[in-house]
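For reference, the structure is listed below as structure tokens.
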Amino acid sequence: MQVLKGLETHVRRLRNLAAPITHAGNAVHCPVCRRSFRKFRPAGTRRTRRENAVCPYCSSRERDRLTYLFLSASAGAPPPGSPLLHIAPERCLMPLLRQMAAGDYVSADLVRRDVSQRFDVMAIPHPDASFHAVYCSHVLQDVRDDQRAMAEIFRVLRPGGWAILNVPVKSAASVDHQEAPGRVRGWADHRPPEHLHTYGEDFPQRMAAAGFRVRVVVANDLVAASEQAKLGIAGAAAGTVNLGVKPV
């Protein structure tokens, strides 16, 4: 498995290096790597395939680009501060979050080896009020007890600190189905099952139940509708930015 993973990483690196040539053009623009292309790469399988989704160079997806635009905005974005905890880190967002953390950046994951720490988000091994900020995107839907995970994130935040907890929203109301996961791993894959929750538009209420003051940011709050397609954030896959602040 590690050999295959290394090969996949090597192929991805070569593909990214070739992207400015293979995708040369100006039809779309990635705000994360600040490069323009004739189109973004597709994402997903045949059943869930999305065209024009992934940046050919930095591999940012729609949701990553929306978050980047929010965090780098001149007004309305949460203030930088350290330490900052990045759970299941997206490589394309690491530079910005490192900058916001002013050098005190911690990456974490349950199984990955390319992180600072490995732990379960339901049991974060840090004292209360350890972090100024936490970024956790498209993770909670795969966590057995998402309320416990949000409570842990709230616990390790300092008063006045913030967390961005982004999730895929697919319905009006959230449904928990831990006993019937949407994705079960193959026999050789030891990672836990995924898709234990299908989130709805009531997800901000779940965050509020954990103690957060919640603000939901959408693409229209950041960019004119006429520019969203070029930035690759026009569709539903961009989702929302769910900003939670821990009261002082």
Side-chain angles (χ1 to χ4, degrees), residues 63-64 66-68 70-73 76-91 93-169 174 176 178 191-197 199-200 202-217 239-248:
R63 61 182 183 260
D64 303 321
L66 181 68
T67 296
Y68 185 93
F70 173 59
L71 290 176
S72 59
S82 61
L84 185 150
L85 174 61
H86 190 180
I87 298 172
E90 298 84 354
R91 292 184 182 279
L93 295 179
M94 280 183 171
L96 175 61
L97 293 175
R98 285 183 186 275
Q99 180 182 354
M100 295 184 71
D104 202 351
Y105 167 89
V106 178
S107 61
D109 193 84
L110 179 63
V111 297
R112 283 169 52 179
R113 298 180 182 276
D114 61 338
V115 293
S116 308
Q117 301 175 6
R118 295 173 70 183
F119 59 72
D120 191 326
V121 72
M122 293 187 294
I124 301 176
H126 287 273
D128 296 356
S130 294
F131 294 96
H132 172 79
V134 177
Y135 185 79
C136 178
S137 178
H138 284 234
V139 171
L140 293 173
Q141 72 274 7
D142 304 325
V143 176
R144 179 174 52 80
D145 190 340
D146 62 338
Q147 289 290 346
R148 180 177 173 184
M150 282 188 276
E152 277 290 275
I153 292 171
F154 186 85
R155 178 186 65 79
V156 300
L157 275 178
R158 296 170 178 169
W162 55 269
I164 289 179
L165 308 180
N166 294 340
V167 297
V169 173
S174 299
D176 301 316
Q178 295 94 325
R191 291 175 295 173
E194 292 183 324
H195 303 169
L196 307 179
H197 313 275
Y199 288 121
D202 58 350
F203 180 76
Q205 283 71 53
R206 290 196 170 208
M207 287 182 64
F212 291 104
R213 294 201 311 265
V214 184
R215 174 187 169 200
V216 178
V217 179
T240 59
V241 178
N242 302 312
L243 174 68
V245 176
K246 185 172 183 176
V248 177

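In this chain, numbering begins with 1 at the start of the sequence shown. Quick note: numbers below take in every heavy atom, side chains included, and nothing from hydrogens, waters or symmetry partners. Here the structure is a predicted model, which means the values were calculated and not measured.
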**Message:** With a 6.0 Å cut-off (strictly less than), is the heavy-atom count around CD of Gln117, excluding the residue itself, greater than 12?
**Reply:**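 Atom CD in Gln117 is crowded, with more than 12 foreign heavy atoms closer than 6.0 Å.
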**Message:** Please determine whether the number of non-hydrogen atoms from other residues, nucleotides or ligands lying under 6.0 Å from atom CZ of Arg155 exceeds 12.
**Reply:**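 Yes.
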**Message:** Please determine whether side-chain contact (heavy atoms from CB on, under 4.5 Å) holds for the pair Ile164 and Leu71, giving the CA-CA distance in whole Å, both sets of side-chain angles, and the decisive distance to 0.1 Å.
**Reply:** CA-CA 10 Å; Ile164 289 179; Leu71 290 176; 3.7 Å; yes
**Stepwise side-chain contact (heavy atoms from CB on, under 4.5 Å) test for Leu110 and Val121** = CA-CA 8 Å; Leu110 179 63; Val121 72; over 6 Å; no
Please tell me if the side chains of [X] and [Y] come closer than 4.5 Å, counting only heavy atoms from C-beta onward.
X      : Y      : value
Pro204 : Phe212 : no
Pro78  : Phe70  : yes
Ile153 : Phe131 : no
His126 : Leu85  : no

Closest approach of [X] to [Y] (non-hydrogen atoms, all atoms of both residues):
X      : Y      : value
Gly239 : Leu66  : O-CD2, 3.5 Å
Arg112 : Pro89  : NH1-O, 2.9 Å
Met122 : Val143 : CG-CG1, 3.4 Å
Val167 : Asn242 : N-ND2, 4.1 Å
Val111 : Arg118 : O-NH2, 3.1 Å
Tyr199 : Pro168 : CB-O, 3.4 Å

How many angstroms lie between atom [atom1] of [X] and atom [atom2] of [Y], to the nearest 0.5 angstrom?
X      : Y      : atom1 : atom2 : value
Asp104 : Leu84  : CG    : CG    : 9.0 Å
Phe203 : Met150 : CZ    : CE    : 4.5 Å
Ser130 : Arg158 : OG    : CZ    : 8.0 Å
Asp146 : Leu196 : CG    : CG    : 9.0 Å
Ile87  : His138 : CD1   : NE2   : 14.5 Å
Met207 : Gln147 : CE    : CD    : 11.0 Å

**Message:** Please check: side-chain N/O of Ser174 versus main-chain N/O of Gly200, any donor-acceptor pairing under 3.5 Å?
**Reply:**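 Yes, the answer is positive, given that a donor and an acceptor are paired below the 3.5 Å cut-off.
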**Evaluation steps, side chain to side chain donor-acceptor pair (under 3.5 Å), between Ser107 and Asp109** = CA-CA 7 Å; Ser107 61; Asp109 193 84; over 6 Å; no
**Message:** Run the side-chain contact (heavy atoms from CB on, under 4.5 Å) test on Arg206 and Leu165 for me, step by step, so that the C-alpha distance in whole Å, both residues' side-chain angles and the decisive distance to 0.1 Å come before the verdict.
**Reply:** CA-CA 11 Å; Arg206 290 196 170 208; Leu165 308 180; over 6 Å; no
